Amino acid sequence: MKTLALCFALLAAPALAQTPCCATGDLGVVVERATGSLLVVDRSDHAAIGRVEGLGDLSHASVTFSPDERFAYVFGRDGGLTKVDMLTRSIAARVIQAGNSIGGAISDDGKLIAVSNYEPGGVKVFDADTLALVGDIPGNSKTIGLVDVPGRRFAWSTWDSGEAFMADFSGTEMKVTKLGDVGKNPFDAVLTDDAHTYLIGLFGEKGVTAIDLWDETPAPVRFLKDYGKTEDDLPVYKMPHLQGWAFTEGQFVLPAVGQHELLWVNRETLAEVDRTPTHGQPVFIIAQPASPFVWVNFATPLNDTVQVVDSRDHKVVASLTPGKAVLHMEFAPRGAEVWISSRDDDKIVIYDTQSREKIGEIPAQSPSGIFFTARAHRTGL
Amino acid sequence: MLRIAALCLLPVAASAEVAAPRAVALERMVIQDCGSCHGLTMKGGLGKPLTAEALDGADPEALALIVLDGVPGTAMPPWRPLLTEEEADWIAHYLLKDQK
């Protein structure tokens, strides 16, 4: 009965003049970066079902979801944090919490939203329900690579000062700990799917830093000492992203910085196993769920191509050209499809991952990130 | 006086050096690709702000050189492999024109 009442309430809302959608498990959102809007998409129908506008500068936007998959939290470049209701396609709450921000994450219990900021630097933590400020960790450095860590914790790194920190919200008082000095200009960081290792990529010097978060006293360990950018390398026209660092076949797959290569690293020994020459400089490397394959997109100007690589023999098995300026890829949670954004062709292109044939297209305005609600249940995001 | 005269000529010079279709592509590149680091509204990000206040008084030639050769020791890459000097000039003037 309560459900019925909700359905009537939703039907009455002007935004839902057509068939109402009362479940969100196969929904997602696409960031339309130039127009500051969010396209709400239905994964099963291969269709856009609405647009939410007024989200500010989304030139570097990311999204995380509430545990019930109803609300999308959008982190905008201009410091805006917006809570979007995907059912009514409206803004449920919005705060401008800093001058310039880069991303964020939701705590494992779904109660806290942490945002990493560039200007002023530092991290702010909000109540996921009301977006009221509950924690403020100011800093003089741009923050990057913010992840959620089980136990109402968040970890992040700092671009200017090269440090990593952890904030713990499990007690009555927030507790902030420095995890260590991690190297010069970390550009992004990621948590392994088992929440064991926090991996930090460096731009200012060679190497990757790993921090064992299962350890009682976590400390940074440097590996791949010849990894990263130096003056001899190619210019980097787009910073690689590490959120998609794939973990497959007992390996990490890393984007080489300033090279047209993927690097395969043994997960246990942290030693380099192999390299795969690629079409361009990798930006996102994302594992196709329940498969041996990873999909890779590339930095401008070679960004019209996506390659598929087999993690067993490290060979490129397919090269696709979905459209101009491919910015992001998102898999259906079980891996059957991949949705790819082509910014300069103003469309989302959908591929079947078995046949690698195009099976759908959705018009979108300068689309960048694609986020399906299944992310609500993934650690680190 | 010379400076004022030069400023008055800038928009003309900028549009004269690059063909119209290329100018459209360059504008898109500035907004989208430069915007990845500097923000779509040029208010900054990993890269410095390139807004009116930020660029106030900047020399267009110096700006074009930064575009072409990057800033060593930072994340600003040299765009020379992708742009001609005329196109870098056009971008410098495009950014400065936005001040008005």
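Note that the structure is predicted; figures quoted are calculated from it, not measured. Throughout, protein chains are lettered first and strands after them, A, B, ... in sequence-line order, and every chain is numbered starting at 1.
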A:Ile144 side, atom CD1; B:Leu46 side, atom CG - distance, nearest 0.5 Å: 9.5 Å
How about B:Ser36 and A:Lys238: do any of their side-chain heavy atoms sit closer than 4.5 Å? yes
Do the side chains of A:Asp78 and B:Lys43 get nearer than 4.5 Å, heavy atoms only? no
Are A:Ser366 and B:Arg28 packed together at the side-chain level, in the sense that at least one heavy-atom pair is separated by less than 4.5 angstrom? yes
Between the OG1 atom in A:Thr300 and the CD atom in B:Gln32, the distance rounded to the nearest 0.5 Å is 10.5 Å
With heavy-atom distances below 4.5 Å as the criterion, would you say the side chains of A:Arg77 and B:Leu40 are in contact? no
Contact winner vs chain B - A:Asp344, A:Asn185, A:Leu58, heavy-atom pairs under 4.5 Å: A:Asp344
Considering non-hydrogen atoms only, spot the tightest contact between B:Ala75 and A:Trp159 and give its length. CB-CH2, 4.1 Å
Count the heavy-atom pairs under 4.5 Å between each of A:His60, A:Lys142, A:Lys184, A:Met239 and chain B, then report the option with the highest count. A:Lys142
Could you tell me which non-hydrogen atom of A:Val236 sits nearest to which non-hydrogen atom of B:Pro77, and how far apart they are? O-CG, 3.3 Å
ring-ring contact (aromatic ring centres under 6.0 Å, His included) with A:Phe126: which residues, sequence neighbours excluded? none
Counting heavy atoms not belonging to B:Asp59, are there more than 12 under 6.0 Å from its CG? yes
Please report the shortest heavy-atom distance between B:Pro78 and A:Tyr237, naming the atom on each side. O-OH, 2.5 Å
Looking only at B:Gly39, B:Gly35, B:Cys37, the option with the highest number of non-hydrogen pairs under 4.5 Å against chain A is B:Gly39
